[in-house]
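Read the structure below first, then the notes.
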Amino acid sequence: MVRRVAIVGAGVSGLAAIKCCREEGLEPTCFERSEDIGGLWRYMEHVEEGRASIYRTVFTNSCKEMMCYPDFPFPDDHPNYMHNSKLQEYIWKFAEHFDLLRHIRFKTLVTKIKKRPNFSVTGQWDVVTEKEGKEETGVFDAVMICSGHHVYPNLPAAHFPGIQKFKGCYFHSREYKEPEKFRGKKVLVIGLGNSGCDIAVELSAVASQVYLSSRSGSWVMSRVWEHGYPWDMMIVTRFQTWLSSILPRALSDWLYVRSMNRPFKHENFGLMPVNGTLRKEPVFNDDLPSRIACGVVVVKPNVKEFRETSILFQDGTVQEDVDVVIFATGYSYSYPFMDDDSIIKSRDNEVTLYKGIIPPQLEKPTMAVIGLVQSLGAIIPTSELQCRWALKVFQGLCRLPPMSKMMDDIDEKSGKKLKWYGSSNTLQTDYITYMDELATAIGVKPSLLKLLLTDPQLALEVFFGPCTPYQFRLTGPGKWSGARTAILTQWDRTLGVTRTRVAPATPLAFPILAVLGMLFLPLLLMAFLAFLYC
């Protein structure tokens with residue numbers, strides 16, 4: 001019987017884990033190495049060892065309706081896309097509202113997690129922690145690892161010949177905080193991801209020149225989508241997912257590329273992906289195209305060689321007098337507290353987790369890794385549903401197949417990832433498909449047929465509208481009484497924060513009465529002439 005659950009990390013996933021444990025009547029103990037909650041979203045002036053780090057101006061890429069905890073909407077006055085400080089405020093409100101803080105041990109570092117000698121019978125773990133130099137060991141029935149994967153920077157300096165003789169400075173984007181110290185410098189940013197593009201755009205206001213190097217290109221999307229609506233509320237819908245599943249691949253690819261190129265033609269800006277039909281996660285940046293158009297950001301291919309004061313690129317061009325190089329080259333996942341590395345990392349450095357959560361080779365499924373997936377959906381609702389599923393597994397209410405079947409499922413999904421994303425070991429997955437898979441297993445997926453018969457208005461919004469987190473609290477275990485209202489009023493909250501001035505409605509470009517008049521004018525004229533000659 002699972003009763004005591006250890007949770008590593010008090011970020012957005014760790015808080016979800018605490019709340020879900022309490023809903024199931026379990027006893028959670030969360031270990032947080034810092035003195036605050038929020039994890040990645042807690043901004044610090046200086047980089048701290050073993051903690052995620054963000055720069056001062058980070059904003060969310062998912063809008064508030066798509067990224068909230070499913071039974072705790074953002075306050076009505078919060079903007080659709082938030083500065084990290086605003087999101088941290090929300091995280092605190094969530095923790096206080098559900099009384100989660102009393103389950104957290106702050107300034108406590110988890111140094112080791114290991115199976116107990118009788119693990120094959122009990123499924124229990126020894127969790128070794130350290131606080132103020134004192135070590136303590138606790139016995140737990142289950143462990144939920146919620147430490148994220150933005151902690152250990154991937155700095156591939158060894159892959160760039162000549163970097164040892166480069167006289168400028170170079171560092172990983174994890175160390176970047178604000179632009180002022182780069183005023184008047186020539187800066188090269190390596191990596192066309194969200195961080196690389198954000199930093200390049202921000203530096204372009206103070207640096208003498210910014211160069212943005214990309215090996216394979218990327219689609220760049222704006223947070224503000226068609227007609228000014230949030231991109232994810234327009235794109236992440238059940239209808240869009242269903243449409244993608246039934247269309248022939250060639251047609252689906254054509255529509256995908258067409259929609260991505262609608263705001264601007266990527267090849268004209270040097271951003272076109274090498275394989276544009278792959279569904280790799282796009283970059284979200286509202287300003288990059290204009291910065292390129294103004295010449296303050298110049299897109300370059302991959303670096304071939306570093307020299308003392310210059311950079312040679314793969315296309316043979318050389319950029320002289322580069323002062324600073326920032327590697328926005330992502331992160332590596334690592335769990336140094338694990339006594340046995342093979343539990344989470346096993347095959348060719350790939351993530352081998354059933355449903356992206358449970359290590360399949362455990363004799364007893366009493367460990368879950370939360371938040372180690374990426375999709376077009378936000379991490380908060382994803383990790384929250386992962387927690388709910390994992391706890392059902394811990395309690396034996398959601399039974400797992402044999403290990404061989406779990407490995408087959410992992411291999412099958414790896415094949416699909418290779419087809420859609422170009423890599424089998426990527427953390428990326430399709431948001432709605434993944435969420436529905438977990439929701440179905442624990443009985444919380446909304447039934448569209450039932451809704452259509454009993455609540456047609458809600459059914460249409462669930463299918464054609466954005467797949468907001470409230471959908472996974474409509475029914476089943478953990479049902480929230482406010483879910484229906486939250487879904488039917490989600491557009492009111494979205495538009496309420498942008499319609500801050502009473503403005504007249506947009507006039508019709510071609511008034512409908514004029515159109516009708518033009519269509520029926522010949523008929524009216526013929527009728528009038530016929531009347532005259534009768």
Side-chain angles (χ1 to χ4, degrees), residues 1-32 37 68-72 91 94-105 110 113 116 119 122-125 127 138-147 353-359 362-373 379-401 434-446 469-483:
M1 175 68 72
V2 171
R3 185 171 61 87
R4 301 187 66 221
V5 180
I7 299 166
V8 183
V12 294
S13 298
L15 294 176
I18 298 172
K19 178 176 175 290
C20 291
C21 281
R22 292 189 57 188
E23 289 176 342
E24 296 293 333
L26 305 180
E27 299 177 14
T29 302
C30 179
F31 302 102
E32 169 56 46
I37 62 175
C68 65
Y69 289 101
D71 53 356
F72 194 72
I91 293 169
F94 173 78
E96 290 173 341
H97 179 79
F98 291 104
D99 192 23
L100 307 180
L101 298 175
R102 63 188 177 93
H103 298 281
I104 304 173
R105 296 186 187 179
V110 175
I113 298 176
R116 302 214 78 210
F119 179 85
T122 65
Q124 291 181 325
W125 301 84
V127 178
V139 178
F140 292 88
D141 302 310
V143 174
M144 302 179 81
I145 299 175
C146 306
S147 52
L353 299 170
Y354 182 63
K355 306 295 184 188
I357 304 172
I358 300 286
L362 290 176
E363 305 97 304
K364 296 286 185 180
T366 56
M367 173 175 281
V369 182
I370 305 299
L372 198 62
V373 294
I379 190 59
I380 290 178
T382 303
S383 61
E384 197 265 357
L385 192 54
Q386 285 185 320
C387 290
R388 294 165 70 187
W389 181 85
L391 289 173
K392 296 296 185 186
V393 172
F394 291 168
Q395 296 172 303
L397 301 175
C398 184
R399 300 190 65 83
L400 300 182
Y434 181 68
M435 295 288 277
D436 278 352
E437 187 175 350
L438 298 180
T440 299
I442 60 175
V444 299
K445 180 187 174 184
Y470 321 120
Q471 292 192 13
F472 301 102
R473 288 280 180 172
L474 272 172
T475 188
K479 178 181 177 180
W480 175 46
S481 60

Report task. Using a 4.5 Å cut-off on heavy atoms from C-beta on, say whether the side chain of Trp389 contacts that of Cys398. Result -> yes

Query raised in the report: Which value, rounded to the nearest 0.5 Å, describes the distance between Leu362 atom CG and Trp125 atom CH2?
Result: 5.0 Å

Requested in this report: Determine the minimum heavy-atom distance between Cys387 and Ser13, stating which atoms define it.
Outcome: SG-O, 4.0 Å

**Report entry** Atom pair SG (Cys20) and CG (Leu15), whose distance is rounded to the nearest 0.5 Å
**Finding:** 11.0 Å

Report task. Would you name the heavy atoms of Ala17 and Cys146 that are closest together and state the gap between them? Result -> CB-SG, 4.1 Å

Query raised in the report: Looking at CG of Asp141 and CZ of Arg116, how far apart are the two atoms once the value is rounded to the nearest 0.5 Å?
Result: 10.0 Å

Could you tabulate the donor-acceptor pairs under 3.5 Å formed by side-chain atoms of residues 437-445, not counting sequence neighbours?
residue	atom	partner	partner atom	Å
Glu437	OE2	Lys355	NZ	2.3
Glu437	OE2	Lys413	NZ	3.2
Thr440	OG1	Asp436	O	2.7

Query raised in the report: Is a side-chain N or O of Tyr69 found less than 3.5 angstrom from the main chain of Val12, in a donor-acceptor match?
Result: yes

Query - Atom pair CZ (Arg473) and CG (Leu385), whose distance is rounded to the nearest 0.5 Å - result: 9.0 Å

Query raised in the report: Is any side-chain heavy atom of Arg388 closer than 4.5 Å to a side-chain heavy atom of Glu24?
Result: no

Query raised in the report: Should Met435 and Pro381 count as side-chain neighbours, where that means a heavy-atom distance under 4.5 Å?
Result: yes

Query raised in the report: What is the minimum heavy-atom distance between Gly11 and Glu32, and which atoms define it?
Result: N-OE1, 4.5 Å

Query - Residue pair Gln386 / Gly356: nearest heavy atoms and the distance that separates them - result: NE2-O, 3.9 Å

Requested in this report: Show the numbers, then the answer: is there a side-chain contact (heavy atoms from CB on, under 4.5 Å) between Phe119 and Thr366?
Outcome: CA-CA 10 Å; Phe119 179 85; Thr366 56; 3.6 Å; yes

Query - Rounded distance (nearest 0.5 Å) linking atom CD1 of Ile379 with atom CG of Leu372 - result: 9.0 Å

Requested in this report: Any salt bridge (Lys or Arg N to Asp or Glu O under 4.0 Å) involving residues 1-10? Give me the pairs, sequence neighbours left out, ordered by first then second residue.
Outcome: Arg3-Glu27

Report summary line: Checking Leu353, Ile358, Ile145, Ile357 against Met367 for side-chain contact (heavy atoms from CB on, under 4.5 Å), the one that qualifies is Ile145

Just distance, no hydrogens or angles: give the donor-acceptor pairs under 3.5 Å from side chains in residues 94-104, sequence neighbours left out.
residue	atom	partner	partner atom	Å
Asp99	OD2	Arg102	NE	2.7
His103	ND1	Pro28	O	3.4

Requested in this report: Provide the closest heavy-atom pair for Phe394 versus Val143 in the form atom of the first, atom of the second, distance.
Outcome: CZ-O, 3.8 Å

**Report entry** Heavy-atom closest pair, residues Pro365 and Leu400
**Finding:** CB-CD1, 3.6 Å

